[in-house]
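Everything below concerns the one structure shown next.
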Amino acid sequence: MIHGINKYITKRIVLLYCLLPVVLPVAAQQTSLEDCFRIASNRNLVMQQSRASLLARQYHLDVEKQRYLPKIDALASYTYLSRPLEINLSQVRDGIVDGSSRQAVNAANTVYKEITGNDLSSAAQNSLYNTSRNIIGGIYPDYNPPLSRQSYFLAGLALRQPVYLGNKITAARNLAESEVASGIINTQLVEKDADYAIAMQYIRILYINNMLYTQQEVVNAFISNDNYGEQMVKNQVLAPYQKSWTKVLLSQARTFYNNLQMDKTNAIIELNKLLGVPLDSVLTITGKLVYNTPGVLQENNDFWQNNAAYQLIQSKIATAVTAEKIARSFSLPNIFAIGNLNLYQHQLPVTIAPWMVGLEMQWNIFNGTQTQKRKKAAQQLVEEVKLAEENTRQSLQMQLAVAKNKIQAAQNEVNTTDSARQEIATTRRLINERVMNQLSSLKDLNDVILMQAEIEKAYHTAVLGYYLALATYWNITGAPERIAGMLRIRN
């Protein structure tokens, strides 16, 4: 698993820190949805943020992998005492008196042996020992003499090597690994959410294009009617007031067209934000959204396994289980191998050994009920995450069923409005012929144009709803980018 993690992180680090300049498609070139996905992969700020978070978790894992290594610290201390140290002579009285007496006996025996060649007799040695002991004991100080110095300096190296920490190090490393795994899945979730949002925005822009083309046709029709009305007024076939209403309709149609242009400009700005490019970047998206059926939609029985949101919840289960193990390890002892190397000492009244080694154990005997509470909290966290997993699965199942129903409803609406489009087109053609033959009024033609425009808008709105539901369906199944292959765009 770690090999896979490192491979994924390496790939993402390259994307994060070695970004090549991203060149937006030039104005004459259409910006496809695939282009948007590619640009966002390199420039989207949320994606970069998730990759930076993942990199931080990887560094934390690297730290946890080195917890087994010994710690070597350089230690130095300067100490100033409020009063000089005092030597407690009474505590070492017996040792000094006895040692000094035996030293006196040994010295006398050595001198005697040099002169006579024989050792002192046992009686003489005992007598000399007792005499020396009485003399030294009599003159031995009955007070604690102070030292002259009140400040001291020490320097050395200290080593501390974990030997047994009650599985704490392994559990901490496992926790860091689970955090990295969660970070990878979170990065994938962020990427898929960004792709889904970009696809939805791109589809809306195509829908606005449809509306613009439809409205342009309405504007052109009213311009033609206005010119025809002018001719009819000149020929005194049509009263001026009947023609003036066409100018009003033309003005309204142009205003609505201009508002649609503004809506598209705003939609492009919002798409630029999703892509992570400057808000004033030029994206050329002029295609029209064309209805296209993908055939029978068939997802896997366990489709939720491919959804990044569900995978993220699953990864948190491993994190919660590891946290529970860490909570249990608090009741176990910690054992360290310790060592010290004395490098320098200044004005210290005693001589310290140049080095030392040993074992140190730390075992918490009593901390109230903290350990038990930690265990219970960790167990509840595991239970909470498992419930969240089940809730996420059911929520995805519900969302998928709703999305499929919306797709079906949108298809029905598209079919209905498409039939209406054909009927109104035939009606407009017939009325146009009647107007040319002066069998119908110009108002009749204007009315049928307005009705046709409304039906066209209803049709395009149904197509929009269909593609939005389809994009939602693919996002739920874990592949939001597949909507790019389903779009039929006509320039």
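Expressed to the nearest 0.5 Å, how far OG of Ser251 lies from CZ of Phe256 amounts to 14.0 Å. Atom CG of Leu274 sits about 10.5 Å away from atom CG of Leu45, to the nearest 0.5 Å. Ser178 contributes atom OG, which lies 12.0 Å from atom CD1 of Ile317 (distance to the nearest 0.5 angstrom). The line from CG of Leu157 to CG of Asn340 is 8.0 Å long, rounded to the nearest 0.5 Å. The CD1 atom of Ile424 lies 13.0 Å from the OG1 atom of Thr417; values are rounded to the nearest 0.5 Å. Note that CD of Glu191 and CD of Glu481 are 10.0 Å apart. Values are rounded to the nearest 0.5 Å.
A side-chain donor-acceptor contact under 3.5 Å links Asn307 to the backbone of Ala309. Between the Glu64 side chain and the Ile169 main chain, no donor and acceptor come within less than 3.5 Å of each other. Looking at Ser395, its side chain never comes within 3.5 Å of a backbone N or O of Thr392 through a donor-acceptor pair. In this structure a side-chain-to-backbone donor-acceptor pair under 3.5 Å is missing from Asn186 to Ser182. Of the possible donor and acceptor atoms, one in the side chain of Asn209 sits under 3.5 Å from a partner among the backbone N and O of Ile285. At least one donor-acceptor pair closer than 3.5 Å links the side chain of Asn44 to the backbone N or O of Met47. Tyr291 places no side-chain N or O within donor-acceptor distance of the main-chain N or O of Tyr467, the cut-off being under 3.5 Å. The closest donor-acceptor contact from the side chain of Asn292 to the backbone of Met486 lies under 3.5 Å. For Asn432 (side chain) and Arg428 (main-chain N/O), no donor-acceptor pair under 3.5 Å exists by modelled atom type. A donor-acceptor pair under 3.5 Å links the side-chain atoms of Lys168 to the main chain of Leu332, judged by distance alone.
No side-chain donor from either of Gln422 and Thr426 sits under 3.5 Å from a side-chain acceptor of the other. Counting only N and O atoms by type, the side chains of Asp62 and Gln66 include no donor and acceptor under 3.5 Å apart. For Asn266 and Glu270, the side-chain atoms include no donor-acceptor pair closer than 3.5 Å. Using modelled atom types, one finds no donor on one side chain facing an acceptor on the other under 3.5 Å when comparing Gln29 with Thr284. For the residue pair Asn258/Thr255, the side-chain donor-acceptor check at 3.5 Å is not satisfied. Between the side chains of Glu217 and Tyr213, no donor-acceptor pair is found at a separation under 3.5 Å. Using modelled atom types, one finds no donor on one side chain facing an acceptor on the other under 3.5 Å when comparing Glu456 with Gln452.
Between Phe303 and Ile476, the closest side-chain pair of non-hydrogen atoms falls below 4.5 Å. Counting heavy atoms from C-beta on, the side chains of Thr319 and Thr322 never come closer than 4.5 Å. With a 4.5 Å cut-off on side-chain heavy atoms, Gln215 and Val218 count as touching. Counting heavy atoms from C-beta outward, Arg254 and Ile223 have side chains that approach closer than 4.5 Å. Annotation: side chain of Leu275 is in contact with side chain of Ile198 (closest heavy-atom distance under 4.5 Å). At least one side-chain heavy atom of Leu33 sits less than 4.5 Å from a side-chain heavy atom of Ile483. Residues Phe222 and Asp226 form no side-chain contact, since every pair of their non-hydrogen atoms from C-beta on lies 4.5 Å or further apart. When side chains are defined from C-beta on, Arg173 counts as touching Leu61, because their heavy atoms get closer than 4.5 Å.
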* Full working for side chain to side chain contact (heavy atoms under 4.5 Å, CB included) between Met200 and Arg204 -> CA-CA 6 Å; Met200 298 287 275; Arg204 290 189 180 97; 3.6 Å; yes

* To do: Just do the side-chain hydrogen bond (donor to acceptor under 3.5 Å, both in side chains) check on Tyr68 and Thr170 with the steps written out, would you?
  => CA-CA 9 Å; Tyr68 281 109; Thr170 301; 2.9 Å; yes

* Asked: After noting the C-alpha distance and the side-chain angles of Thr477 and Asn306, does the key distance pass the side chain to side chain contact (heavy atoms under 4.5 Å, CB included) rule?
  -> CA-CA 6 Å; Thr477 57; Asn306 298 324; over 6 Å; no

* Intermediate values then yes/no, side chain to side chain contact (heavy atoms under 4.5 Å, CB included), Val248 and Trp245 -> CA-CA 5 Å; Val248 174; Trp245 182 245; 3.9 Å; yes

* Given side chain to side chain contact (heavy atoms under 4.5 Å, CB included), test Trp363 with Asn334 step by step and report yes or no. => CA-CA 6 Å; Trp363 197 347; Asn334 301 325; over 6 Å; no

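Lys457 NZ: more than 12 foreign heavy atoms inside a 6.0 Å radius. Remark: Met451 CE is loosely packed, at most 12 non-hydrogen atoms of other residues, nucleotides or ligands lying under 6.0 Å away.
A pairwise comparison of heavy atoms in Ile326 and Ala171 identifies CG1-CB, 3.4 Å as the closest pair. Pro162 and Leu165 make their closest contact through CB-CD1, 4.0 Å (heavy atoms, listed as atom of the first residue, atom of the second, distance). Residues Leu260 and Ile208 approach most closely at O-CG2, 3.7 Å, considering heavy atoms. Heavy-atom minimum distance, Lys264 versus Leu212: CD-CD1, 4.0 Å. Heavy-atom minimum distance, Leu206 versus Gly287: CD2-O, 3.4 Å. Residues Gln161 and Leu69 come closest through the heavy atom pair OE1-C, 3.9 Å.
A salt bridge is defined here as a Lys NZ or Arg NE, NH1 or NH2 lying under 4.0 Å from an Asp or Glu carboxylate O, and Asp418 with Arg421 meets this definition. One finds no salt bridge joining Glu389 and Lys386 here, because no Lys/Arg side-chain nitrogen approaches an Asp/Glu carboxylate oxygen to under 4.0 Å.
Under the side-chain hydrogen bond (donor to acceptor under 3.5 Å, both in side chains) criterion, Glu413 pairs with no residue, sequence neighbours left out. Remark: Thr416 pairs with no residue by the side chain to side chain contact (heavy atoms under 4.5 Å, CB included) rule, at least two apart or across chains. Shown here are the salt bridge (charged side-chain N to carboxylate O under 4.0 Å, His left out) partners of Lys404, two or more places apart in sequence or in another chain: Glu299. Applying the side chain to side chain contact (heavy atoms under 4.5 Å, CB included) rule to Ala327 yields the partners Arg374, Lys375, Ala378; only residues at least two apart in sequence or on another chain are considered. Judged as a side chain to side chain contact (heavy atoms under 4.5 Å, CB included), and not counting sequence neighbours, the contacts of Glu360 are Arg160, Phe336, Ile338. For Asn364, the side chain to side chain contact (heavy atoms under 4.5 Å, CB included) partners two or more places apart in sequence, or in a different chain, are Asn367.
Under the side-chain hydrogen bond (donor to acceptor under 3.5 Å, both in side chains) rule, Thr246 has a single partner from Asn225, Asn227, Asn446, which is Asn446.
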